[in-house]
There are 2 protein chains.
Amino acid sequence: MSAMLRLDAFLPYRLSAASNAVSKVIASAYQRRFNLSVPEWRLIAVLREVGESTQQNLVQRTFMDKVAVSRAAERLVQRALVRRTEDESDGRARLLSLTRKGRTHYDAIAPEARAYEKRLLAALSADEVAALHAMLLRIQNAATALEEAARESNAQ
Amino acid sequence: MSAMLRLDAFLPYRLSAASNAVSKVIASAYQRRFNLSVPEWRLIAVLREVGESTQQNLVQRTFMDKVAVSRAAERLVQRALVRRTEDESDGRARLLSLTRKGRTHYDAIAPEARAYEKRLLAALSADEVAALHAMLLRIQNAATALEEAARESNAQ
DNA sequence: AACAAATAGTTACATTGGAAACTATATGGT
DNA sequence: ACCATATAGTTTCCAATGTAACTATTTGTT
């Protein structure tokens, strides 16, 4: 019995279970209320923050895949929430930014998003929340470091 | 600017980013080393714990969908890691349990799984880990409660 | 006993998400 | 200046995952 591992005390499982439960409720709220997918909402949130950005930059900031960014961007452009322009200094790149309509959308969504977050975190103190965020970041970094290591030992 | 929300300080995003990073590295390890998907590994872990179980019971314990359980079970039966028998007391149900081969597999995987967990949590103290687990559980519960509430207000 | 409603599990269909291949442009070395 | 290599983004293809519909069996109500 040396090897016993309880699934529900196993970090990757706990993390995935919590994340799935949260994603599910959040995603369905965005869908129902604003007809936005989570990736779409993420682009809007970052664009509101940074103003104007290449897709590549959005990839880095959101940790989303470039394909996901491309698809979300396309849909947002179609819905006129985002404007896509040429990048003068690099012919391959496209610059994305929110339209007025996109900003209005953001302004409607953000308070609701925060209200959801508040309800999810209702059982935690401010200190706990801060500690949680820091731990999640450290774990994410450890995971990406592990991944790099695995990749290298594979490529060798 | 009242509405500003920084994506990277937003819990659902932090959680999903951490969970994705961890899942990715874990899933590829299971795949490469044991040719198992995460759902398959979860069934094995729970079956090792409980010995024998209906699929329905596995659904409750893993929070996986019954379709996911059905599919993972099928594949494990094909690979002779799991045995599926009729339930005498309920003609609809199937009882799953590990074969000897399944137990052997488990015994090979569990230490590696724990080693991964250890590396992911290397930056955290034991107290922090305990706090993290507790918080993740509370958040998961809050999310499922929110979901129920949403469902009811929809059905009304 | 008979039938409506619920439950275990499977099958079929649609959606999502990721990897690989591809196009276009840029960069660095010779 | 030229070519090999790298990068931004898109398209194509495929595997994973969820939803809805279905089958078989059970349970509860009359």
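All chains are named by letter (A, B, ...) in the order of the sequence lines, taking the proteins before the strands, and each is independently numbered beginning at 1.
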| Heavy atom of residues 69-86 of chain A under 4.0 Å from DNA chain C: which residues? | A:R71

| task | Could you tell me the separation between the NZ atom of B:K66 and the C1' atom of C:dT10, rounded to a whole number of Å? | result | 9 Å

| query | Which residues pass the side chain to side chain contact (heavy atoms under 4.5 Å, CB included) test with B:D87, sequence neighbours left out? | reply | B:T54, B:S89, B:D90, B:A93, B:L95

| Is A:E88 atom CD crowded by more than 12 heavy atoms from other residues, nucleotides or ligands, each under 6.0 Å away? | no

| request: Using whole Å, report how far CG of B:D65 lies from P of C:dT11. | output: 15 Å

| What pairs with A:E52 under salt bridge (Lys or Arg N to Asp or Glu O under 4.0 Å), at least two apart in sequence or on another chain? | none

| request: In whole angstrom, give the distance that lies between atom CG of B:L58 and atom P of C:dT10. | output: 11 Å

| task | Find which nucleotide of DNA chain D each of B:P39 and A:V59 is nearest to by heavy atoms, and output the residue with the more 5' nucleotide. | result | A:V59

| field | Neighbours of DNA chain C within residues 88-97 of chain A, by heavy-atom distance under 4.0 Å | value | A:D90, A:G91, A:R92

| said: Less than 4.5 Å apart, side chain to side chain, heavy atoms only: is that true for B:R119 and A:L146? | reply: yes

| query | For B:K24 and C:dG18, what is the distance between atoms NZ and P respectively, to the nearest whole Å? | reply | 8 Å

| task | Please determine if a side-chain N or O atom of B:Q55 lies less than 4.0 Å away from the OP1 or OP2 oxygen of C:dT10. | result | yes

| message | According to side-chain hydrogen bond (donor to acceptor under 3.5 Å, both in side chains), does anything in residues 64-79 of chain A pair up with another residue at least two apart or in another chain? List the pairs. | response | A:E40-A:R75

| said: Whether A:Q56 contacts D:dA8 is assessed here as follows: a side-chain N or O lying under 4.0 Å from the phosphate OP1 or OP2. Is that the case? | reply: yes

| said: Applying ring pair (Phe, Tyr, Trp, His ring centres under 6.0 Å), can you list everything that pairs with B:F34, at least two apart in sequence or on another chain? | reply: none

| said: If I take atom CG in residue B:N20 and atom P in nucleotide C:dA19, what distance separates them, rounded to the nearest angstrom? | reply: 12 Å

| Ionic contact status for B:D107 with B:R48, cut-off 4.0 Å | yes

| said: Can you tell me how the ring of B:Y106 sits relative to the ring of B:W41, calling it parallel under 30°, perpendicular over 60° and tilted otherwise? | reply: parallel

| field | Length of the CD-P vector between A:Q31 and C:dA14, whole Å | value | 18 Å

| said: Could you report the tightest heavy-atom contact between A:A123 and B:R138, atom names first, then the distance? | reply: O-NH1, 2.8 Å

| Euclidean distance, atom CD of residue A:E40 to atom P of C:dT15 [Å, nearest integer] | 15 Å

